[in-house]
Amino acid sequence: MQTVEIVITVRRPRSWKRRTARVWRAVRKRAAKVNWGAVAWYGFLTVAGVVLYKVGAAYALKERGYYAVGGEALALLLPVLWYAVGTTIRDFMRDVRSWW
């Protein structure tokens, strides 16, 4: 019995290098515009929310005597709430300035 080996080669189109270079250029350009201070701040708020949730859940377990999720789960929404309240206040202040 004789074995036959089949070799399939796949060639990328010539424009592949130009296209990937263009994509990476766009990624680098967008990364240069990122406000890393804001990224760090929201990362901190996320970690703080998780820590507050854990502390709140431990305290609630001690008080109730059984495990349940209550208001301490709102600590997980800390980054979202911070963003929503901050945006609302910023928009309101912009409106007040435009009135004068």
Side-chain angles (χ1 to χ4, degrees):
M1 182 170 196
Q2 189 177 13
T3 60
V4 177
E5 183 178 337
I6 299 174
V7 177
I8 299 174
T9 58
V10 177
R11 287 181 4 133
R12 296 181 183 135
R14 288 185 177 180
S15 64
W16 179 80
K17 282 188 177 182
R18 286 192 307 257
R19 191 175 357 180
T20 55
R22 188 174 58 235
V23 168
W24 281 110
R25 223 176 300 127
V27 167
R28 283 193 304 271
K29 192 174 183 180
R30 186 171 296 151
K33 293 180 181 180
V34 172
N35 183 355
W36 292 107
V39 171
W41 177 249
Y42 283 103
F44 168 75
L45 286 176
T46 302
V47 170
V50 170
V51 169
L52 284 173
Y53 171 75
K54 292 288 191 181
V55 169
Y59 179 76
L61 176 63
K62 189 172 100 176
E63 284 292 315
R64 295 184 194 124
Y66 59 92
Y67 179 77
V69 177
E72 67 271 8
L74 287 177
L76 295 174
L77 296 176
L78 187 61
V80 175
L81 295 174
W82 186 275
Y83 177 77
V85 170
T87 303
T88 302
I89 291 172
R90 197 174 322 119
D91 289 346
F92 177 73
M93 294 306 290
R94 189 179 305 139
D95 288 344
V96 167
R97 283 190 209 118
S98 70
W99 293 340
W100 303 110

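Side chains included, hydrogens not; waters and symmetry mates left out as well; all remaining heavy atoms used.
With hydrogens and angles disregarded, no donor-acceptor distance shorter than 3.5 Å links the side chain of Arg90 to the backbone of Arg94.
Across Thr87, Thr88, Ile89, a single residue satisfies side-chain contact (heavy atoms from CB on, under 4.5 Å) together with Asp91, and that is Thr87.
The cluster map of Ile, Leu, Val, Met, Phe, Trp and Tyr, joined by side-chain heavy atoms under 4.5 Å apart, puts Trp99 and Met93 in the same cluster. There is a path of hydrophobic side-chain contacts, each under 4.5 Å, that joins Val85 to Phe92. In terms of hydrophobic clustering, with Ile, Leu, Val, Met, Phe, Trp and Tyr side chains grouped at heavy-atom distances under 4.5 Å, Val69 and Leu61 are assigned to a common cluster.
For Arg64, the CZ atom sits in a packed shell: over 12 heavy atoms of surrounding residues, nucleotides or ligands are nearer than 6.0 Å.
Through side-chain heavy atoms spaced under 4.5 Å, either directly or across other Ile, Leu, Val, Met, Phe, Trp or Tyr residues, Leu74 is tied to Leu77, Leu81.
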Validation: residues 36-56 side-chain donor-acceptor distances under 3.5 Å, sequence neighbours left out:
{"residue": "Thr46", "atom": "OG1", "partner": "Tyr42", "partner atom": "O", "Å": "2.8"}
{"residue": "Tyr53", "atom": "OH", "partner": "Tyr67", "partner atom": "OH", "Å": "3.2"}

